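Below is one structure; the comments refer to it alone.
Treat the numbers as computed from the prediction; the structure is a model and nothing was measured. Hydrogens, waters and symmetry mates play no part in the numbers below; they use all other heavy atoms, side chains included.
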Amino acid sequence: MASSKKPTEEETQNKDLEEACKPGPPYKNAYRYFEGLYVSYSFTDRNLRSALSYKPLDGDVFVVSYPKCGTTWMQYIVYGVFRDGVPPANVIEFMNMAPFLELVGAEVAQAMPRPNSIKTHLPFNKQPYSDKAKYVYITRNPYDCCVSFYYHTRNAPMYRFEDGTFDQFFDMFVEGKVDYGDYFDHLLSWYEHRGDSNVLFITYEDLKKDTRGWVLKIADFLGKEYGDKLRQSPDIFEKIMAMISVDSMKKINADMNNWSKDLASVPLETLPEGMKSFMEAMGNMVEKPFKGEFVRKGIVGDWKNHLSPEQVSRMKERIALKTAGSDVMELWKDAGLP
(Lines give C-alpha, C1' and ligand atoms only; values in the text may rest on other atoms or scores of the structure.)
Protein backbone atom coordinates (compact mmCIF):
# COMPACT_ATOMS: atom_id res chain seq x y z
CA MET A 1 0.00 0.00 0.00
CA ALA A 2 1.36 3.44 -0.93
CA SER A 3 2.25 5.68 1.96
CA SER A 4 -0.03 8.70 2.49
CA LYS A 5 2.49 10.44 4.73
CA LYS A 6 2.65 14.15 3.91
CA PRO A 7 6.16 15.32 2.93
CA THR A 8 7.88 17.65 5.39
CA GLU A 9 8.61 21.26 4.48
CA GLU A 10 12.30 20.37 4.17
CA GLU A 11 11.53 17.48 1.81
CA THR A 12 9.31 19.73 -0.31
CA GLN A 13 12.01 22.38 -0.46
CA ASN A 14 14.65 19.83 -1.44
CA LYS A 15 12.41 18.54 -4.23
CA ASP A 16 11.82 22.09 -5.47
CA LEU A 17 15.57 22.74 -5.36
CA GLU A 18 16.22 19.64 -7.47
CA GLU A 19 13.62 20.80 -9.98
CA ALA A 20 15.14 24.28 -10.11
CA CYS A 21 18.56 22.84 -10.91
CA LYS A 22 17.30 20.92 -13.92
CA PRO A 23 17.81 22.45 -17.37
CA GLY A 24 14.85 24.55 -18.39
CA PRO A 25 13.57 28.11 -18.73
CA PRO A 26 15.80 30.69 -16.97
CA TYR A 27 12.94 31.84 -14.73
CA LYS A 28 12.94 28.46 -13.02
CA ASN A 29 16.24 29.47 -11.39
CA ALA A 30 15.10 32.94 -10.31
CA TYR A 31 13.72 31.78 -6.95
CA ARG A 32 14.78 29.91 -3.84
CA TYR A 33 13.70 29.27 -0.27
CA PHE A 34 15.05 31.38 2.57
CA GLU A 35 13.97 30.48 6.10
CA GLY A 36 10.64 29.20 4.85
CA LEU A 37 10.02 32.06 2.41
CA TYR A 38 9.88 31.35 -1.33
CA VAL A 39 11.49 34.44 -2.85
CA SER A 40 13.50 35.62 -5.83
CA TYR A 41 17.22 36.31 -5.79
CA SER A 42 16.54 40.05 -5.88
CA PHE A 43 16.35 39.70 -2.09
CA THR A 44 19.79 39.08 -0.62
CA ASP A 45 20.24 36.64 2.25
CA ARG A 46 21.82 39.44 4.25
CA ASN A 47 18.87 41.81 3.86
CA LEU A 48 16.24 39.12 4.35
CA ARG A 49 17.91 38.01 7.57
CA SER A 50 18.12 41.62 8.68
CA ALA A 51 14.45 42.24 7.83
CA LEU A 52 13.19 39.16 9.65
CA SER A 53 15.10 40.18 12.78
CA TYR A 54 13.86 43.80 12.75
CA LYS A 55 12.41 44.92 16.08
CA PRO A 56 9.56 47.37 15.48
CA LEU A 57 9.82 50.70 17.25
CA ASP A 58 6.83 51.96 19.16
CA GLY A 59 4.54 53.68 16.70
CA ASP A 60 5.98 52.00 13.59
CA VAL A 61 3.50 51.71 10.74
CA PHE A 62 3.75 48.79 8.30
CA VAL A 63 2.05 48.61 4.92
CA VAL A 64 1.70 44.89 4.25
CA SER A 65 0.40 42.86 1.32
CA TYR A 66 0.99 39.95 -0.95
CA PRO A 67 2.71 41.36 -4.06
CA LYS A 68 0.60 43.29 -6.57
CA CYS A 69 -2.42 43.74 -4.31
CA GLY A 70 -2.30 47.52 -4.03
CA THR A 71 0.85 47.97 -1.99
CA THR A 72 2.18 51.04 -3.80
CA TRP A 73 -1.22 52.74 -3.71
CA MET A 74 -1.49 52.16 0.03
CA GLN A 75 2.06 53.42 0.57
CA TYR A 76 1.16 56.63 -1.24
CA ILE A 77 -2.00 57.07 0.82
CA VAL A 78 -0.13 56.67 4.11
CA TYR A 79 2.69 58.90 2.82
CA GLY A 80 0.15 61.54 1.80
CA VAL A 81 -1.62 61.46 5.17
CA PHE A 82 1.67 61.87 7.01
CA ARG A 83 2.97 64.55 4.60
CA ASP A 84 -0.21 66.61 4.08
CA GLY A 85 -0.45 65.54 0.45
CA VAL A 86 3.03 66.71 -0.57
CA PRO A 87 4.32 63.97 -2.92
CA PRO A 88 7.88 62.64 -2.93
CA ALA A 89 10.23 64.33 -5.41
CA ASN A 90 11.16 61.02 -7.03
CA VAL A 91 11.24 57.25 -6.54
CA ILE A 92 14.53 57.31 -4.62
CA GLU A 93 13.13 59.75 -2.06
CA PHE A 94 10.03 57.56 -1.79
CA MET A 95 12.18 54.44 -1.22
CA ASN A 96 14.09 56.18 1.58
CA MET A 97 10.96 57.59 3.20
CA ALA A 98 8.90 54.40 2.83
CA PRO A 99 11.49 51.60 2.65
CA PHE A 100 10.83 48.05 1.49
CA LEU A 101 12.12 46.13 4.50
CA GLU A 102 13.06 42.81 2.86
CA LEU A 103 14.76 44.54 -0.06
CA VAL A 104 16.97 47.03 1.80
CA GLY A 105 17.25 45.61 5.32
CA ALA A 106 16.53 46.83 8.83
CA GLU A 107 19.07 49.69 8.95
CA VAL A 108 17.20 51.72 6.34
CA ALA A 109 13.93 51.21 8.22
CA GLN A 110 15.54 52.19 11.53
CA ALA A 111 16.97 55.37 9.99
CA MET A 112 13.72 56.30 8.22
CA PRO A 113 12.39 59.77 9.11
CA ARG A 114 9.22 59.27 11.14
CA PRO A 115 6.27 59.30 10.81
CA ASN A 116 6.40 57.15 7.68
CA SER A 117 5.56 53.57 6.78
CA ILE A 118 7.63 50.45 6.24
CA LYS A 119 6.61 48.17 3.37
CA THR A 120 6.69 44.40 3.69
CA HIS A 121 5.27 41.45 1.77
CA LEU A 122 5.65 39.07 4.70
CA PRO A 123 3.04 36.59 5.87
CA PHE A 124 1.93 37.12 9.45
CA ASN A 125 4.17 34.42 10.93
CA LYS A 126 7.27 36.11 9.44
CA GLN A 127 6.25 39.73 10.04
CA PRO A 128 8.24 41.72 12.62
CA TYR A 129 5.46 42.21 15.13
CA SER A 130 4.74 44.47 18.07
CA ASP A 131 1.43 45.34 19.67
CA LYS A 132 2.76 48.92 19.77
CA ALA A 133 3.11 49.02 15.98
CA LYS A 134 0.32 49.38 13.41
CA TYR A 135 -0.27 47.22 10.35
CA VAL A 136 -2.28 48.21 7.26
CA TYR A 137 -2.92 45.06 5.25
CA ILE A 138 -4.32 45.39 1.72
CA THR A 139 -5.45 42.44 -0.35
CA ARG A 140 -6.89 41.96 -3.83
CA ASN A 141 -8.94 39.23 -5.48
CA PRO A 142 -6.68 36.39 -6.70
CA TYR A 143 -7.70 36.72 -10.35
CA ASP A 144 -6.63 40.36 -10.73
CA CYS A 145 -3.61 39.82 -8.48
CA CYS A 146 -2.41 37.07 -10.82
CA VAL A 147 -2.72 39.30 -13.89
CA SER A 148 -0.94 42.26 -12.26
CA PHE A 149 1.80 39.97 -10.90
CA TYR A 150 2.35 38.55 -14.39
CA TYR A 151 3.12 41.97 -15.88
CA HIS A 152 5.37 42.85 -12.96
CA THR A 153 7.30 39.59 -13.32
CA ARG A 154 7.64 39.95 -17.07
CA ASN A 155 8.87 43.56 -16.80
CA ALA A 156 11.40 43.13 -13.98
CA PRO A 157 14.74 41.68 -15.22
CA MET A 158 15.60 39.83 -12.01
CA TYR A 159 12.78 37.35 -12.63
CA ARG A 160 14.30 36.23 -15.97
CA PHE A 161 10.79 36.12 -17.41
CA GLU A 162 11.10 38.60 -20.27
CA ASP A 163 9.90 36.03 -22.79
CA GLY A 164 7.46 34.33 -20.43
CA THR A 165 3.79 33.96 -21.29
CA PHE A 166 0.71 34.52 -19.16
CA ASP A 167 -0.07 30.80 -19.40
CA GLN A 168 3.32 29.98 -17.90
CA PHE A 169 2.91 32.52 -15.13
CA PHE A 170 -0.61 31.34 -14.34
CA ASP A 171 0.77 27.86 -13.70
CA MET A 172 3.42 29.31 -11.40
CA PHE A 173 0.84 31.42 -9.53
CA VAL A 174 -1.62 28.61 -8.81
CA GLU A 175 1.29 26.40 -7.71
CA GLY A 176 2.62 29.10 -5.37
CA LYS A 177 5.96 29.24 -7.21
CA VAL A 178 6.23 33.02 -7.45
CA ASP A 179 7.75 35.68 -5.20
CA TYR A 180 6.48 35.17 -1.63
CA GLY A 181 4.96 31.82 -2.44
CA ASP A 182 1.30 30.94 -2.20
CA TYR A 183 -1.20 33.80 -2.41
CA PHE A 184 -3.80 32.05 -0.26
CA ASP A 185 -1.41 31.08 2.54
CA HIS A 186 -0.37 34.73 2.77
CA LEU A 187 -3.91 36.08 2.71
CA LEU A 188 -5.24 33.61 5.28
CA SER A 189 -2.36 34.33 7.67
CA TRP A 190 -3.45 37.97 7.90
CA TYR A 191 -7.19 37.36 7.56
CA GLU A 192 -7.10 35.66 10.95
CA HIS A 193 -5.91 38.96 12.45
CA ARG A 194 -8.32 41.30 10.67
CA GLY A 195 -10.06 42.07 13.96
CA ASP A 196 -6.88 42.97 15.88
CA SER A 197 -6.91 46.54 17.20
CA ASN A 198 -3.56 47.34 15.56
CA VAL A 199 -4.44 45.81 12.16
CA LEU A 200 -6.47 47.61 9.47
CA PHE A 201 -7.57 45.07 6.87
CA ILE A 202 -8.63 46.50 3.49
CA THR A 203 -9.45 45.14 0.05
CA TYR A 204 -8.25 46.86 -3.09
CA GLU A 205 -11.76 46.63 -4.48
CA ASP A 206 -13.33 48.46 -1.52
CA LEU A 207 -10.63 51.12 -1.74
CA LYS A 208 -11.43 51.64 -5.43
CA LYS A 209 -15.17 51.80 -4.73
CA ASP A 210 -14.94 54.42 -1.93
CA THR A 211 -11.47 55.93 -1.99
CA ARG A 212 -12.39 59.05 -0.02
CA GLY A 213 -14.12 57.11 2.72
CA TRP A 214 -11.23 54.70 3.10
CA VAL A 215 -8.59 57.45 3.10
CA LEU A 216 -10.43 58.91 6.11
CA LYS A 217 -10.54 55.50 7.82
CA ILE A 218 -6.82 55.03 7.17
CA ALA A 219 -6.07 58.49 8.58
CA ASP A 220 -8.13 57.73 11.70
CA PHE A 221 -6.29 54.43 12.11
CA LEU A 222 -2.90 56.15 11.86
CA GLY A 223 -3.93 58.60 14.57
CA LYS A 224 -7.00 60.63 15.55
CA GLU A 225 -5.11 63.82 14.80
CA TYR A 226 -4.67 62.82 11.15
CA GLY A 227 -8.35 62.09 10.59
CA ASP A 228 -9.32 65.32 12.34
CA LYS A 229 -6.94 67.29 10.12
CA LEU A 230 -8.51 65.92 6.93
CA ARG A 231 -11.99 66.78 8.16
CA GLN A 232 -10.95 70.29 9.19
CA SER A 233 -8.69 71.04 6.20
CA PRO A 234 -10.43 70.15 2.92
CA ASP A 235 -7.51 71.57 0.95
CA ILE A 236 -5.13 69.03 2.46
CA PHE A 237 -7.62 66.25 1.80
CA GLU A 238 -7.84 67.31 -1.86
CA LYS A 239 -4.03 67.37 -2.16
CA ILE A 240 -3.89 63.82 -0.88
CA MET A 241 -6.60 62.70 -3.30
CA ALA A 242 -4.70 64.28 -6.20
CA MET A 243 -1.42 62.72 -5.08
CA ILE A 244 -2.82 59.17 -4.91
CA SER A 245 -4.47 59.19 -8.34
CA VAL A 246 -3.19 56.62 -10.82
CA ASP A 247 -1.90 59.37 -13.12
CA SER A 248 0.01 61.08 -10.30
CA MET A 249 1.62 57.83 -9.12
CA LYS A 250 2.55 56.98 -12.71
CA LYS A 251 4.37 60.31 -13.07
CA ILE A 252 6.38 59.79 -9.88
CA ASN A 253 7.20 56.21 -10.87
CA ALA A 254 8.00 57.12 -14.48
CA ASP A 255 11.69 57.20 -13.60
CA MET A 256 11.61 53.53 -12.52
CA ASN A 257 13.81 52.76 -15.54
CA ASN A 258 16.46 55.13 -14.23
CA TRP A 259 16.35 54.84 -10.47
CA SER A 260 18.88 52.01 -10.30
CA LYS A 261 21.27 54.05 -12.45
CA ASP A 262 20.76 57.02 -10.16
CA LEU A 263 21.53 54.86 -7.15
CA ALA A 264 24.57 53.40 -8.91
CA SER A 265 26.00 56.90 -9.23
CA VAL A 266 26.05 57.28 -5.44
CA PRO A 267 29.34 56.14 -3.81
CA LEU A 268 28.71 52.77 -2.15
CA GLU A 269 30.55 53.82 1.01
CA THR A 270 27.90 56.48 1.65
CA LEU A 271 25.04 53.95 1.61
CA PRO A 272 23.72 51.91 4.55
CA GLU A 273 24.83 48.26 4.58
CA GLY A 274 21.41 47.07 3.47
CA MET A 275 21.38 49.40 0.47
CA LYS A 276 24.92 48.31 -0.46
CA SER A 277 23.83 44.67 -0.38
CA PHE A 278 20.79 45.48 -2.48
CA MET A 279 22.85 47.44 -5.03
CA GLU A 280 25.35 44.61 -5.38
CA ALA A 281 22.54 42.10 -5.98
CA MET A 282 20.80 44.40 -8.44
CA GLY A 283 23.85 45.25 -10.50
CA ASN A 284 22.33 43.62 -13.58
CA MET A 285 19.41 46.04 -13.48
CA VAL A 286 21.70 48.91 -14.41
CA GLU A 287 22.19 47.32 -17.82
CA LYS A 288 18.68 45.86 -18.04
CA PRO A 289 16.22 48.34 -16.54
CA PHE A 290 12.64 47.74 -15.50
CA LYS A 291 10.39 47.63 -18.58
CA GLY A 292 6.85 48.86 -18.85
CA GLU A 293 4.95 50.71 -16.13
CA PHE A 294 5.41 49.92 -12.43
CA VAL A 295 1.97 51.45 -11.81
CA ARG A 296 -0.10 49.92 -14.63
CA LYS A 297 -3.90 50.13 -14.96
CA GLY A 298 -5.17 50.18 -11.39
CA ILE A 299 -8.54 48.67 -12.31
CA VAL A 300 -10.79 45.87 -11.08
CA GLY A 301 -11.76 43.04 -13.43
CA ASP A 302 -8.80 42.98 -15.83
CA TRP A 303 -8.66 39.20 -15.25
CA LYS A 304 -11.55 38.86 -17.72
CA ASN A 305 -9.16 39.94 -20.50
CA HIS A 306 -6.55 37.31 -19.62
CA LEU A 307 -7.86 34.08 -18.07
CA SER A 308 -9.21 31.35 -20.31
CA PRO A 309 -12.28 29.35 -19.21
CA GLU A 310 -9.94 26.48 -18.30
CA GLN A 311 -7.80 28.79 -16.18
CA VAL A 312 -10.87 30.19 -14.43
CA SER A 313 -11.86 26.60 -13.62
CA ARG A 314 -8.38 25.84 -12.26
CA MET A 315 -8.40 29.00 -10.14
CA LYS A 316 -11.79 28.07 -8.69
CA GLU A 317 -10.45 24.62 -7.81
CA ARG A 318 -7.42 26.19 -6.14
CA ILE A 319 -9.63 28.59 -4.19
CA ALA A 320 -11.86 25.72 -3.00
CA LEU A 321 -8.84 23.71 -1.90
CA LYS A 322 -6.94 26.48 -0.13
CA THR A 323 -9.86 28.29 1.54
CA ALA A 324 -11.88 25.26 2.71
CA GLY A 325 -13.36 26.09 6.11
CA SER A 326 -12.81 29.85 5.71
CA ASP A 327 -15.18 32.60 4.61
CA VAL A 328 -12.31 34.70 3.24
CA MET A 329 -13.67 34.79 -0.33
CA GLU A 330 -16.73 36.62 1.01
CA LEU A 331 -14.46 39.66 0.82
CA TRP A 332 -15.24 39.71 -2.90
CA LYS A 333 -18.87 38.59 -2.92
CA ASP A 334 -19.82 41.75 -4.81
CA ALA A 335 -16.76 41.89 -7.10
CA GLY A 336 -18.22 39.83 -9.94
CA LEU A 337 -15.83 36.90 -9.54
CA PRO A 338 -16.73 33.60 -11.24
Side-chain angles (χ1 to χ4, degrees), residues 42-43 47 50-51 54-65 67 69-122 127-128 130 133-138 200 202 215 218-219 221-223 225-226 229-230 236-237 239-268 270-279 282 285 290 294-295:
S42 56
F43 301 95
N47 285 357
S50 171
Y54 177 69
K55 304 299 182 187
L57 304 179
D58 291 357
D60 268 354
V61 174
F62 293 85
V63 170
V64 192
S65 76
C69 285
T71 330
T72 302
W73 195 17
M74 185 57 66
Q75 283 184 285
Y76 272 82
I77 292 172
V78 173
Y79 188 103
V81 170
F82 282 147
R83 295 282 173 268
D84 292 343
V86 178
N90 51 51
V91 172
I92 293 178
E93 179 178 301
F94 184 61
M95 285 178 65
N96 286 328
M97 299 284 273
F100 185 0
L101 186 62
E102 299 94 272
L103 198 65
V104 298
E107 299 92 344
V108 179
Q110 289 163 345
M112 172 187 76
R114 286 166 168 79
N116 273 309
S117 67
I118 301 167
K119 166 185 169 180
T120 86
H121 284 316
L122 295 170
Q127 174 70 43
S130 167
K134 295 182 179 182
Y135 301 84
V136 182
Y137 185 85
I138 184 165
L200 183 62
I202 306 173
V215 168
I218 293 163
F221 177 74
L222 296 175
E225 65 274 23
Y226 297 109
K229 180 185 288 187
L230 296 195
I236 292 177
F237 199 169
K239 285 173 67 177
I240 293 172
M241 293 302 297
M243 172 190 159
I244 66 172
S245 70
V246 171
D247 287 343
S248 176
M249 291 190 296
K250 279 188 174 185
K251 287 178 183 176
I252 296 171
N253 283 273
D255 63 349
M256 180 60 72
N257 286 343
N258 298 316
W259 67 266
S260 58
K261 292 183 180 179
D262 292 342
L263 266 179
S265 68
V266 178
L268 275 179
T270 67
L271 296 173
E273 286 301 319
M275 195 66 81
K276 289 180 189 176
S277 177
F278 164 64
M279 283 303 300
M282 288 292 93
M285 286 188 69
F290 189 95
F294 191 78
V295 177

Practice task
May I ask you to test the Met74-Tyr137 pair for a side-chain heavy-atom distance under 4.5 Å?
Solution key: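 The answer is no, as the side chains (C-beta and beyond) never meet within the 4.5 Å cut-off.
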Heavy atoms only: give me the nearest [X]-[Y] pair and the separation to one decimal.
{"X": "Glu107", "Y": "Val104", "value": "OE1-O, 4.3 Å"}
{"X": "Tyr135", "Y": "Pro56", "value": "OH-CG, 4.1 Å"}
{"X": "Pro128", "Y": "Leu101", "value": "CG-CD2, 3.9 Å"}
{"X": "Thr71", "Y": "Val63", "value": "O-CG1, 4.0 Å"}
{"X": "Tyr79", "Y": "Val86", "value": "CE2-O, 3.3 Å"}
{"X": "Pro113", "Y": "Arg83", "value": "O-NH2, 4.1 Å"}

Handout entry: Main-chain N/O of Leu103 paired to Asn47 side chain as donor or acceptor, under 3.5 Å
Key =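 At least one qualifying donor-acceptor pair exists.
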Handout entry: Whether Gln75 side chain and Ala98 backbone form a donor-acceptor pair below 3.5 Å
Key =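 Yes, the answer is positive, given that a donor and an acceptor are paired below the 3.5 Å cut-off.
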Problem - Member of Pro88, Pro87, Pro99 meeting the side-chain contact (heavy atoms from CB on, under 4.5 Å) criterion with Phe94 - result: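 The residue from Pro88, Pro87, Pro99 that satisfies side-chain contact (heavy atoms from CB on, under 4.5 Å) with Phe94 turns out to be Pro88.
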Handout entry: Residue from Val215, Thr72, Val81 passing side-chain contact (heavy atoms from CB on, under 4.5 Å) with Ile244
Key =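 One option only clears the test, and that one is Val215.
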Rounded to the nearest 0.5 Å, what's the gap from [atom1] on [X] to [atom2] on [Y]? Could you check?
{"X": "Met97", "Y": "Ile118", "atom1": "CE", "atom2": "CD1", "value": "13.0 Å"}
{"X": "Ile240", "Y": "Phe82", "atom1": "CD1", "atom2": "CZ", "value": "11.0 Å"}
{"X": "Ser117", "Y": "Met112", "atom1": "OG", "atom2": "CE", "value": "7.0 Å"}

Practice task
Output all residues satisfying side-chain contact (heavy atoms from CB on, under 4.5 Å) with Pro67, sequence neighbours left out; order by chain, then residue number.
Solution key: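 For Pro67 the side-chain contact (heavy atoms from CB on, under 4.5 Å) partners, ignoring immediate neighbours, are His121, Phe149, Tyr180.
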Problem - side-chain contact (heavy atoms from CB on, under 4.5 Å) partners of Phe221, counting only residues at least two apart - result: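 Here the qualifying residues are Lys134, Val136, Leu200.
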Practice task
Could you go through the side chain to side chain contact (heavy atoms under 4.5 Å, CB included) check for Tyr76 and Met243 one step at a time?
Solution key: CA-CA 8 Å; Tyr76 272 82; Met243 172 190 159; 3.7 Å; yes
Problem - Pairing residues for Lys229 by the salt bridge (Lys or Arg N to Asp or Glu O under 4.0 Å) criterion, not counting sequence neighbours - result: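 Listed in chain order: Asp84.
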Exercise for the section: Decide side chain to side chain contact (heavy atoms under 4.5 Å, CB included) for Val64 and Leu122; before the verdict, give the C-alpha distance in whole Å, the side-chain angles of both, and the deciding distance to 0.1 Å. Expected result: CA-CA 7 Å; Val64 192; Leu122 295 170; 5.6 Å; no
